[in-house]
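These notes concern the structure reproduced below.
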Amino acid sequence: VEQRDDDERPLATARVTRFDLEADVVVVGLGCAGACAAIEAAHAGADVLVLERAGGGGGTSANSGGQIYMGGGTALQRACGFEDSPEQMFRYLMASCGPGPDERLVQAFCEHSPAHFDWLVEQGVPFKASFFPDAHEPPQDDGLTYSGSEDVHPFCEIARPAPRGHCPQVVGSKGPLLMQRLLGGAQRAGARMQFGARVERLICESDGRVAGVVARGDGAARCVRARRGVVLCAGGFIFDDAMLELYAPQLRACRLRLGTEGDDGRGIRIALAAGAAALRMDAGDVTLPLVPPVALRKGVLVNRAGQRFINEDAYMGRLGEYALLRQGGQVFLIVDDAIFARPELFPVEIAAVGETFAELEAELGLPAPALHATLELYNRYAERGLDPLFHKRPAQLAPLVHPPFAALDLGVERYTYAVFTLGGLHIDARGAVLTPAGEPLPGLFAAGRTTSGIAKQGYSSGLSLGDASFFGRQAGRHAAV
Ligand SMILES: Cc1cc2nc3c(=O)[nH]c(=O)nc-3n(C[C@H](O)[C@H](O)[C@H](O)COP(=O)(O)OP(=O)(O)OC[C@H]3O[C@@H](n4cnc5c(N)ncnc54)[C@H](O)[C@@H]3O)c2cc1C
């Protein structure tokens, strides 16, 4: 692990000769979490200063798909004719966001989700009352879609399914519009903003209370006092090789890292150095972008032993997690001529082609009848619309009977898996950063990918902007007290 050349330990207030800047609440980072924290802290009456290392606000949030996980009966869900409740949303998230989701965070997130949707609308984020049925990011401006595995096994048996992916109304990527509206909201709320200001360490009182930050800009380090609190919203660490090597080496295999250079983990490290605790630092959202086209869900995913390991109609983040973390990233999708297609988002190699299952098996170098047996068993039940092993939905079940058959190589070394980190600081439902003893670290709050949020590992699309916006608001409000 490379040595870092700069000091990340907290600076004692006794060593500060003068504070160059002051505010009640200092927000570090102006992505989705930071903008929401700034808005709520300002609305709570605090004088707010945002420090952002880039030349403008937006962060990874502005480069994102912009889909936000909300539910429990939002106005949009109702307008699209879907019934949902905080209880059903809670059941789904507790079952899917593990292992070990934090019940208190999930509870608060679900209970206040309908009101959180209304708040985003108040900030000027538009949503169109139309439902997109294909369960991936809507290419048009539809407002609502299934963004996780709510309507597939095993979750459809655990909680009543409801679509919870809320998409701002714009054609294509929705992140830029979302952030344009949130940055406008922060400006209107009166938050001051300094760009080109990279926070390098915290400033702490002798009793450990966080009293400010040291920020570098234009080559000079400046001490910034936070009279009430510091809110760290500085993104995750997918762009820091040293942290990945230390905490989440398995994620390095993925080709496409989702983030910006700001996702270097600095916000997490400076808090750890001041006595904070981090959780689940190995966790990541790993997406295997199989669809579009949705017909590929009718294929059969197998591992290097020629065996199935999941229902292929699960959310792509669940497929990626299972493929990378449980199958070593060595998987193939078996298709027949009737459903043959190439994934639209990334190029794929064809590992084998055969007129029979036996030929395909031999070309993949698998011992007979490993793959043959898997596909015969699959076909035998698929003919009757059944999948007794993995419970794929009947609509996605079709026996593979039209030769030639092909194996698409979805191995992590040859196909594009997209990844970002989910591990980070331990927070409570107010966004307060906790110590290893579970006590709040006085004066320090955090939200977004600087924290371990709703998804402790199992991810559904929209949860990152969902918890960044929701806990950003909580952190801003409580820091302002
Ligand atoms: C292509 C793509 C599509 C995605 N689609 C979705 C989606 O549809 N839904 C979803 O929920 N998630 C999506 N994600 C993931 C999501 O965008 C991020 O996880 C989320 O934006 C994180 O928000 P944040 O506020 O925590 O961090 P960011 O938005 O990254 O904001 C952090 C800010 O902190 C700044 N910063 C960092 N370090 C410092 C420092 N030391 N001092 C000062 N400033 C600092 C950064 O420059 C940045 O502006 C997507 C990501 C990508 C790349």
Side-chain angles (χ1 to χ4, degrees), residues 64-71 77 82 84 88-89 91-99 101 106 131-139 142 144-167 174 254 256 258 283-301 308-327 329 331 333 343-346 387 390-393 395-397 410 412 415-420 422 453-467:
S64 76
Q67 185 160 187
I68 310 161
Y69 200 95
M70 294 181 282
Q77 287 179 310
F82 291 97
D84 195 10
Q88 295 300 325
M89 182 180 175
R91 287 167 76 102
Y92 171 72
L93 292 176
M94 287 305 291
S96 65
C97 291
V106 178
F131 173 64
F132 176 70
D134 275 352
H136 55 83
E137 194 177 308
D142 301 301
L144 190 66
T145 187
Y146 278 98
S147 66
S149 301
E150 295 86 351
D151 57 345
V152 304
H153 180 82
F155 306 106
C156 58
E157 286 116 44
I158 294 170
R160 189 179 58 228
R164 303 194 181 101
H166 288 60
C167 307
K174 291 115 184 48
C254 301
L256 180 61
L258 296 178
D285 167 39
V286 180
T287 295
L288 175 52
L290 187 61
V291 299
V294 288
L296 285 177
R297 289 211 176 92
K298 291 190 173 146
V300 175
L301 268 176
R308 287 179 78 206
F309 56 92
I310 194 167
N311 44 325
E312 294 81 0
D313 56 356
Y315 164 62
M316 292 185 284
R318 187 166 164 87
L319 296 182
E321 181 186 323
Y322 271 57
L324 180 71
L325 306 181
R326 303 191 185 195
Q327 305 300 333
V331 298
L333 184 77
E344 282 172 21
L345 294 177
F346 300 104
D387 176 15
F390 294 97
H391 311 282
K392 186 152 72 162
R393 280 170 298 185
Q396 308 294 349
L397 280 168
L410 299 180
V412 69
Y415 191 60
T416 300
Y417 287 47
V419 67
F420 61 87
L422 291 172
I454 293 294
K456 290 292 183 243
Q457 174 51 66
Y459 189 73
S460 294
S461 195
L463 276 175
S464 193
L465 292 169
D467 74 18

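As the structure is a computational prediction, the values presented were derived from the model and not from experiment.
- Without hydrogens or angle criteria, Arg164 side chain to Tyr69 main chain gives no donor-acceptor distance under 3.5 Å.
- With sequence neighbours excluded, no residue forms a salt bridge (charged side-chain N to carboxylate O under 4.0 Å, His left out) with Asp142.
- Note that CD of Glu312 and CG of Leu288 are 11.0 Å apart. Values are rounded to the nearest 0.5 Å.
- Under the 4.5 Å side-chain criterion, counting only non-hydrogen atoms from C-beta, Ser64 is in contact with Leu465.
- Nearest heavy atoms, Ala418 versus Leu258: CB-CD1, 3.9 Å.
- Using modelled atom types, no side-chain atom of Gln67 and backbone atom of Gly65 make a donor-acceptor pair closer than 3.5 Å.
- Across all non-hydrogen atoms, the minimal contact from Thr416 to Pro289 is O-CD, 3.1 Å.
- Residues Leu93 and Leu463 are in side-chain contact: their nearest non-hydrogen atoms beyond the backbone lie under 4.5 Å apart.
- Considering all non-hydrogen atoms of both residues, Asp467 and Gly453 come closest at OD2-CA, 3.3 Å.
- Closest of all the heavy-atom pairs between Lys392 and Arg297 is NZ-O, 2.7 Å.
- When atom types are taken as modelled, the side chain of Asp84 and the backbone of Ala162 share no donor-acceptor pair closer than 3.5 angstrom.
- Using a distance-only test at 3.5 Å, with no hydrogens or angles considered, a donor-acceptor pair links the side chain of Gln88 to the main chain of Arg160.
- When all heavy atoms of Ala395 and Lys298 are compared, the closest pair comes out as O-CE, 3.4 Å.
- You'll find the side chain of Phe132 stays beyond 4.5 Å of the side chain of Pro163, heavy atoms only.
- Put simply, CD on Gln77 and CZ on Phe131 are 10.5 Å apart, with the number rounded to the nearest 0.5 Å.
- With Lys174 contributing its side chain and Ile68 its backbone, the two residues share no donor-acceptor pair below 3.5 Å.
- Residues His166 and Leu144 are in side-chain contact: their nearest non-hydrogen atoms beyond the backbone lie under 4.5 Å apart.
- Judged purely by atom type and a 3.5 angstrom limit, Asp151 has no side-chain atom pairing as donor or acceptor with the backbone of Pro161.
- Side-chain atoms of Ser461 do not come within 3.5 Å of backbone N or O of Ser147 as any donor-acceptor pair.
- In this structure, CG on Asn311 lies 8.5 Å from NE2 on His391, to the nearest 0.5 angstrom.
- Two residues are said to be in side-chain contact when any heavy atoms from C-beta on lie closer than 4.5 Å; Lys456 and Cys97 fail this criterion.
- Between Ile158 and Met94 the shortest side-chain heavy-atom distance does not fall below 4.5 Å.
- A 4.5 Å side-chain heavy-atom check between Tyr322 and Leu301 finds every atom pair outside the cut-off.
- Using a 4.5 Å cut-off on side-chain heavy atoms (C-beta onward), Pro99 and Gln457 make contact.
- Atom CG of Leu345 and atom CG of Leu290 lie 10.0 Å apart (nearest 0.5 Å).
- Closest approach of Phe346 and Tyr415 over heavy atoms only: O-CE1, 3.8 Å.
- Taking the side-chain contact (heavy atoms from CB on, under 4.5 Å) definition, one finds that Ser149 meets it with Tyr92, Val152, Phe155, Ala314, Tyr315, Arg318, sequence neighbours left out.
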